[in-house]
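Have a look at this one before I ask anything.
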Amino acid sequence: MNARTSRPTVTQADAVDITSPTARDATPLQQIDAWFAARDWKVFPFQRTVWRAAQKGKSGLLHATTGSGKTYAVWFAALLRVLSQGAGRQQGGLRVLWLTPMRALAADTVRALEEPLAALLPDWQVGMRTGDTSSSERARQDRKLPPALVTTPESLTLLLSRTDAREQFRRLDVVIVDEWHELMGNKRGSQTQLALARLRRWNPDLVIWGLSATLGNLQQSQDALLGDASANGVLVEGASKKRIVVDTLIPDHPSRFPWGGHLGLQMLPAVIAEIDRHQTTLAFTNTRSQAEIWYQNMLEAKPEWAGLIALHHGSLDKSVREWVERGLKNGELKAVICTSSLDLGVDFLPVERVLQIGSARGVARLLQRAGRSGHAPGRVSRVTLVPTSSLELLEAAGARDAVARGQIEARAIPNKPLDVLVQHLVTIALGGGFTSQELYDEVRTTYAYRNLTLEEWQWALDFVARGGQSLTVYPEYRRVLPDEHGIFRVPDNTIARRHRMGIGTIVSDASVQVKYLSGGTIGSIEESFISRLKAGDHFLFGGRILEFVRMHEMAAYVRRATGSRGAIPRWQGGRMPLSSELAHAALTRLEQASQGMYEGAEMQAIVPLLELQQQWSGLPTAHSLLAEITHSREGQHLFMYPFAGRSVHVGLASLLAWRFSREQAGTFSISINDYGFELLSPVPVNWQALLTTAGIANLLSTDHLLEDVLASLNASELAQRRFREIARIAGLIFQGYPGQPKSNRQLQASSSLFFEVFRKHDAGNLLLTQAQREVLEQELELTRLRDTLEELQQRTLQVHQTKRATPFAFPLMVERFREKLSTEKLTDRVARMVRELEKAASTR
DNA sequence: GACCTGCTGCGGTGTG
C-alpha cells in the first residue's frame, strides 16, 4: 500500500486573484475560489489537495473533525472530476453518488450540496433515495436517475438488484461515502464494499472518496473503502486539529461516593446545576433505561423544566425524536437526555455543553460526543464526564490522558462475512446476472473478501443455487440458476420480491409498538418486556408513567397513569466493553497512584478509596496482577483485576474456572465487570495452592486456548444466538410483509430450526462456521484475550487474603450477572466433544 | 453502606 500522504502544500498556481469572479473564462477552480470568497470563507490546503487529486482521477479518504469544511472538500472534488470528464455538463443519468449511513442525514446533505452545485453546474439537481422516498419519486428515478443522488448503502444495493442496473450506473463518475467510520466496522460496510466493487467494474476510472472521523487504523480504513485500488489512493488529513477539552464533574463528597453502580443519580444535583448554567446541554447516557430514569428524576427535581428538557433514544417514535431534534436546532430546549441516538446526525449548533454520564467506554466514542459541542470551525469542543461510581473517576483521568496522547481505537473490519456475500450473489443475479469467474474476481477486489478462497466461493454459489446440502429439496432455496450461457439469474419472481424485501444487514429483534388508547405512537419496546406486564401495571417509557391496558395485533395500548413509580423497561442491547486504550490509560494512572502520585481533580477525589484499597489489599498496576481471596457466608471468593474489558474478562473468568476445576472439582459462580472478575465457590477451595508460580503459569497459558475457551463456555448456545442474524442476512428467513411482522418467537424458531438442520445434515455449512467465528472474534474477543494472557504472564502475581470485599471487589460482588459452571456438566460436555471429534475424524 | 444496565443504523407486498 502507498505511503501516507504528506501534508499538502499550496502552489502558486492555486493562488487565484479573483478580479472577475463571474468571468466566463474562469476555470472551475477559480469559480470555487470565488464561491468561497463570496462567503468570506477560507480555503484550506487540504481542500485543494482533495480537488487536485480528484481532478486527476485519484480516489482517497479524508479524515477530519466535524465543522472543518470537509463536505465542501469532497463535493467540489466530485464536481471537478465530472467537469474534467469533458462532456461534463450533459446530464443523461447518474454521475455522482453520495452515500450516507442515516436517512436523517440524507435530507440535510441534499440541502448542503445544492448551493455549491449551483455555482458549478447550475442545470443539475440533487436527488435523494431512501426508504422514505415516495413511490412517485421512485418511479421517476427508475426511468432515469438524477445526475446527483444521495442515498444509503441499502438503497444502493437495491438499485443494483434492478435488471437495468448497469445501464443506470453507466455514466457514474464519482462516489462519496460519508461517515465511513460508521460503516467500515460492521456488515453494512462489507455490503458497501461489494457494491463499490460492482460500480468500479463498470467504470474502472470511478473516483471514490470517503469521509471519516479520526481512527486508530486510517490506512486500513482507506484500504477497505478502495479495495485493490487503494494502492493509488491518497489519505488526506483535514484542517488543523480541533481543540478538545475533557473534564469531570467531581462528586461533592468523594468519600461517600458509591463504590459500584452505573446509574449515578448521586450526581443529579451537580448535573442540574451544570445544565442551569448553560444555554443548551446534551447529556449522553449509556442505556435507554438510564436515560429514562435520569429524565424522570430531573423532572421531579425541577418541575419547572417541563417542556424545556427532553428525552431521545432509539426506541422512541420517529415523530417524537424529530420533535426533539427540531427543538435542539431552534435552541428551544435547555437539555436533552439521550443515548448514542444523537451521536451522529444533524448538527445542532446551539449545543453548548456535552455531558457523558457513566463510562465513555472508548476514546473514539468520547471524541465523537465532544464533537457535538462547539460544532463550527475554530470553536472548542468540550465534554464533561459524569462518574456513576468511584472507579469511573480513575477512568476519567485515564480518558483525558488517552485523548491528549491521541490513543484512538482501531475499528476492526469484518473478515469475509459469508452471509453478506450470499445476499450479494442473489442481488447481482437479479441485477443483470453474473458468471462465476467474473464475479469471483470482482468480489476479491474488495478488502473484506480479498482472501476468499475458491472453495468458499463455490460453497456460497452452491448455497444460493441449491440451498446447500440440506435444503436441496426446497425450491425456495434454489434462488439462482445458470442459463445456457452460464449466467446466473434469479428464475422466479416471488424469490426476487422476497429478496428485495430482505436486503440489508441490520437485524433487530421483533418489538411491540407502544400506543395510546386515544391514538398516537410513543415508540417501541421489546416483546419480552411487555409480555411480563399484566393489565393495570405501570411502567416508565418516553419520560412518562404509563398504564398497560392490553395487547392488540403486536401493539401495546397504554394510557397515562398517575403516580411516580413504575417498572423500568429493559431492552436488550449491545454490551460495549471498555476499550484497551482506555483500560491501559486507567492502569497507568493506578501505577502512578501506587507510587503516591495523584495528579488532577479526579485522582485527588479517589485518594481515600485507593488508600483504603492499598491498606486492605494492594493496587493493580501495569506490572502486577492483583488477586484477592476472601471468605464470606456465600463462600470463597477469588477476585482478579486484569483491566481488560468485560468481554475479555468473561472469557478469562470462564477459562480460569474451567482450568481450576480440572485441579479441584467444584462449581463456581462468575461475576464480571470492565476492571476484573470474581470466582465464587460455595464449598472450600484452596485458592492459594492453585495460585503458585507454576499454577498461575498454567492457568494463564495460551496453549490449547481455543479448545479450553470453547469447553469452558456454552459456545454452541452463543453460536446459535449469532446464527439468527446470519440466517436473516443470508436470506434463509423471510421476515414477513411490512405492516404484518412475524413475532419474535416465530423468527427465533425458524432460525434455530435451520441451525439444527445444518448441524445434523450439513456440518460443513460455512454459515455455521461463521457463527462460531463471530462469537469468538466479536463476543469473546479471542485475539484480545490471547494478548491479555500473554501480558498477564509478564506481570508479578500479588495474592492478598482480605477480611472483606475491597473497594475494587465490591462492585463485582453486587454485580447481578452470575453464571453457574458446574464441573459435572462440564465433564459431560467435554466427553461429548471428544465423541464428536472422534466421529468427525473417523468419517474423513 | 455501598447496587439494582446494556447503543445505533435500513429496507420492503400485490395489480388492473
Side-chain angles (χ1 to χ4, degrees), chain A residues 99-106 129-133 135 138 151-159 161 179 182-183 185-189 191-192 255-266 284-294 312-315 321 338-345 357-362 365 368-369 388-390 423 493-494 496-508 526 567-577 609 646-647 671 673-674 728-729 734-741 804-807 809-817:
Chain A
L99 293 181
T100 163
M102 269 176 69
R103 276 193 307 241
L105 287 177
R129 186 173 180 126
T130 70
D132 298 332
T133 305
S135 54
R138 266 158 202 269
T151 187
T152 60
E154 287 79 7
S155 285
L156 168 60
T157 306
L158 276 160
L159 287 171
S161 80
E179 313 270 11
E182 283 294 318
L183 296 170
N186 55 45
K187 290 180 184 176
R188 296 183 80 195
Q191 184 156 62
T192 308
S255 58
R256 292 215 302 270
F257 202 58
W259 291 358
H262 318 271
L263 210 49
L265 283 173
Q266 294 84 357
F284 284 96
T285 62
N286 283 333
T287 70
R288 286 166 280 185
S289 51
Q290 193 181 16
E292 292 273 354
I293 295 168
W294 267 82
H312 192 285
H313 61 67
S315 292
R321 292 170 56 164
C338 59
T339 60
S340 41
S341 56
L342 282 184
D343 257 350
L344 275 192
I357 301 173
S359 167
R361 307 271 155 88
R365 203 148 167 262
Q368 175 74 34
R369 292 186 174 174
T388 59
S389 65
S390 293
Q423 190 186 105
N493 268 335
T494 312
R497 195 174 70 236
R498 286 189 170 205
H499 178 76
R500 290 200 176 98
M501 288 176 66
I503 278 180
T505 62
I506 299 173
V507 176
S508 16
E526 254 150 54
I568 315 288
R570 290 178 63 172
W571 287 271
Q572 33 183 268
R575 296 180 166 180
M576 183 181 263
L609 180 99
R646 61 167 303 122
S647 48
S671 170
N673 68 19
D674 274 318
R728 218 300 257 134
I729 295 174
F734 180 58
Q735 304 249 83
Y737 291 104
Q740 30 186 298
R804 56 180 83 79
T806 62
F810 182 79
L812 283 164
M813 275 186 95
V814 300
E815 192 73 45
R816 299 260 240 43
F817 179 73

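Side chains included, hydrogens not; waters and symmetry mates left out as well; all remaining heavy atoms used. Chain letters run A, B, ... following the sequence lines, proteins first, then strands; residues in each count from 1.
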note = Taking B/dC3, B/dG1, B/dC10 as options, the one with an atom nearest any side-chain atom of A/P258 is B/dC3
note = Atom CG of A/L105 and atom P of B/dC10 are separated, to the nearest Å, by 9 Å
ask   = At under 4.0 Å between heavy atoms, what does A/T157 touch on the DNA or RNA strands: base, sugar-phosphate, or nothing?
value = nothing
task = Considering just the side-chain nitrogens and oxygens of A/R321, establish if one lies under 4.0 Å of OP1 or OP2 belonging to B/dT8.
result = no
task = Let me know the distance between CH2 of A/W294 and P of B/dC7, rounded to the nearest Å.
result = 18 Å
Among B/dG6, B/dC4, B/dT8, the one nearest A/T287 by side-chain distance = B/dG6
inquiry  = To the closest 0.5 Å, what do you measure between CZ (A/R256) and OG (A/S390)?
reply    = 12.5 Å
message = Applying a 4.0 Å non-hydrogen cut-off, can you work out what A/G131 is touching in the nucleic acid: base, sugar-phosphate, or nothing?
response = sugar-phosphate
request  = Pick base, sugar-phosphate or nothing for A/R288, based on heavy-atom distances below 4.0 Å to the nucleic acid.
outcome  = sugar-phosphate
task = Among the candidates B/dT8, B/dC10, B/dG11, find the nucleotide nearest to the side-chain atoms of A/M102.
result = B/dC10
Spacing of A/F810 atom CZ relative to B/dC3 atom P, expressed in whole Å = 7 Å
ask   = Does B/dT13 adopt a syn or an anti glycosidic conformation, taking syn as a chi angle within 90° of 0?
value = syn
request  = Would you kindly check whether a donor in the side chain of A/S340 faces an acceptor in the base of B/dC7, or vice versa, at under 3.5 angstrom?
outcome  = yes
ask   = Taking CD from A/E154 and P from B/dT8, how many angstroms apart are they, rounded to a whole number?
value = 17 Å
message = Mind checking if A/L183 touches a base, just sugar-phosphate, or nothing, with heavy atoms under 4.0 Å?
response = nothing
task = Ignoring hydrogens and angles, state whether a donor on the side chain of A/T130 or A/R103 is under 3.5 Å from an acceptor on the partner side chain.
result = no
key: Rounded distance (Å) that lies between atom C1' of B/dT5 and atom CZ of A/R646   = 9 Å
remark   = Against the side chain of A/H313, the closest entry in B/dC3, B/dT8, B/dC10 is B/dT8
query = OP1 or OP2 of B/dT8 sitting under 4.0 Å from any side-chain N/O of A/R188?
reply = no
key: Results of side-chain hydrogen bond (donor to acceptor under 3.5 Å, both in side chains) for A/S359 - residues two or more places apart only   = A/E395
